[in-house]
There are 2 protein chains.
Amino acid sequence: MAAADLDSFDRKILRILQRDNMTSQREIAYQVNLSAAAVHRRIHRLHADGIITANMAVLSPSKIGRPISVIVELEVESERPEELEQVKRSLAAAPEIQQCYYVTGEVDFIVIVSVADMSEYEEITKRLFFANPNIKKFRTYVAMDRVKTSFEMPVD
Amino acid sequence: MAAADLDSFDRKILRILQRDNMTSQREIAYQVNLSAAAVHRRIHRLHADGIITANMAVLSPSKIGRPISVIVELEVESERPEELEQVKRSLAAAPEIQQCYYVTGEVDFIVIVSVADMSEYEEITKRLFFANPNIKKFRTYVAMDRVKTSFEMPVD
DNA sequence: ACACCTCTCGCAATTTTTTTTCGCTATGAC
DNA sequence: GTCATAGCGAAAAAAAATTGCGAGAGGTGT
């Protein structure tokens with residue numbers, strides 16, 4: 001998991017692919033000033049080395065009928081490893097949960113949930129939070145505005 | 001922005017593309033039982049209709065030297081529209097900020113930041129939070145475990 | 001019931017892109 | 001200096017994408 005050493009070409013390629021991985025290798029080659037073959041070899045290596053971990057299409061939440069994002073803070077009863085792992089597994093397995101972070105500080109987990117409406121959220125609280133004896137309490141924040149949603153990160 | 005009407009083929013295609021948009025149209029055709037041409041026409045329409053909003057490569061945070069995710073809750077001084085917009089713009093423009101939600105409840109913004117180390121985070125707090133007179137206070141949670149990170153959502 | 005229109009399909013041809021292969025050159029070790 | 005390694009561009013081969021066309025299903029109005 002050590003940081004890989006990327007040269008300036010790799011970084012440029014990654015910046016392009018982060019924004020749009022449908023960009024043709026020919027176009028990338030033109031933009032970064034390499035041959036298409038060289039770009040291909042580099043992208044292949046970036047995959048093999050686990051630097052690129054996935055390639056995904058991003059969907060419009062409203063257009064597919066899940067217009068509401070909810071951010072939830074969870075506190076657990078016990079942080080014993082087994083109990084903790086059980087909570088992690090349960091949260092990670094829920095398809096409505098897009099993201100889950102185990103964090104330092106006053107709360108234990110921060111979770112981002114995508115739902116169609118608040119009644120679906122209520123159903124999820126019952127299924128995942130109230131039904132889990134190790135979840136002590138949770139606090140709900142409903143997003144009024146998804147100001148920025150991406151996984152893009154600076155590559156430098 | 002109304003929810004689009006998708007048939008069962010569209011939904012299957014979206015489920016595949018959400019997980020891996022490098023899947024060839026031929027392979028998708030095989031999986032959903034259509035011709036490659038039909039799949040192509042549908043994907044094209046899904047793009048045109050804004051149901052697929054982006055296609056991106058996901059990078060390994062540790063491999064590109066940004067192993068730390070920080071979740072920050074922000075409270076603002078004033079929620080007057082102009083002031084609010086200014087805060088939103090400033091947060092959205094920061095490349096280290098991957099996500100930003102404007103939320104209901106005791107805090108106003110929840111922000112996810114990707115950093116190389118805590119000194120970079122400190123620098124960001126100065127630049128984005130302390131330097132902004134409309135940001136009253138903020139609370140920092142450092143992720144010990146990225147239990148789940150995706151944008152995948154159920155398509156049903 | 002019939003003609004008409006629209007939508008979407010599959011098939012096949014064409015174009016584009018990706019992937020592989022083949023020298024050639026630069027760099028570092030011995 | 002020579003050998004091994006790695007990276008390059010160019011060209012060839014393979015795969016995937018896109019487009020054109022005719023056909024069938026389903027709905028609409030006469």
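Chain letters run A, B, ... following the sequence lines, proteins first and then strands; every chain starts at 1. Only heavy atoms go into these numbers, but all of them, side chains included; no hydrogens, no water, no symmetry mates.
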Checklist entry - Tell me: CZ of B:F9 to P of C:dC9, nearest whole Å? => result 7 Å
Item to check | Value in whole Å for how far the C1' atom of C:dA26 lies from CG of A:D7 | outcome: 15 Å
Checklist entry - Any salt bridge between B:E106 and B:R139, counting N to O under 4.0 Å? => result no
Checklist entry - Within this structure, what is the CD1-to-C1' distance between B:I13 and C:dC9, rounded to whole angstrom? => result 13 Å
Item to check | Whole angstrom value for the distance that separates C1' of D:dA6 from CG of A:D10 | outcome: 14 Å
Next on the checklist: Does the protein touch nucleotides 15-26 of chain D at the base, only the backbone, or not at all? Give it as B, S and - per nucleotide, heavy atoms under 4.0 Å.
Outcome noted: -SSSBB------
Next on the checklist: What contact category does A:R42 fall into here, base, sugar-phosphate, or nothing, at under 4.0 angstrom with non-hydrogen atoms?
Outcome noted: sugar-phosphate
Next on the checklist: I'd like to know if A:K88 and B:D145 make a salt bridge, using a cut-off of under 4.0 Å between side-chain N and carboxylate O.
Outcome noted: yes
Item to check | Integer-rounded Å distance: D:dG7 P and A:I43 CD1 | outcome: 16 Å
Checklist entry - In whole angstrom, what separates A:L6's CG from D:dG7's P? => result 13 Å
Checklist entry - Do the rings of B:Y121 and B:F129 sit parallel, tilted or perpendicular, given the 30° and 60° boundaries? => result perpendicular
Checklist entry - Are a donor atom and an acceptor atom from the side chains of B:E27 and B:Q31 found within less than 3.5 Å of each other? => result yes
Item to check | Whole angstrom value for the distance that separates P of C:dT19 from CG of A:L34 | outcome: 17 Å
Checklist entry - Does the distance from a Lys or Arg side-chain N to an Asp or Glu carboxylate O, for B:R66 and B:E120, drop under 4.0 Å? => result yes
Checklist entry - In terms of ring plane angle, is the pair B:F138 and B:F130 parallel, tilted or perpendicular, where the classes change at 30° and 60°? => result perpendicular
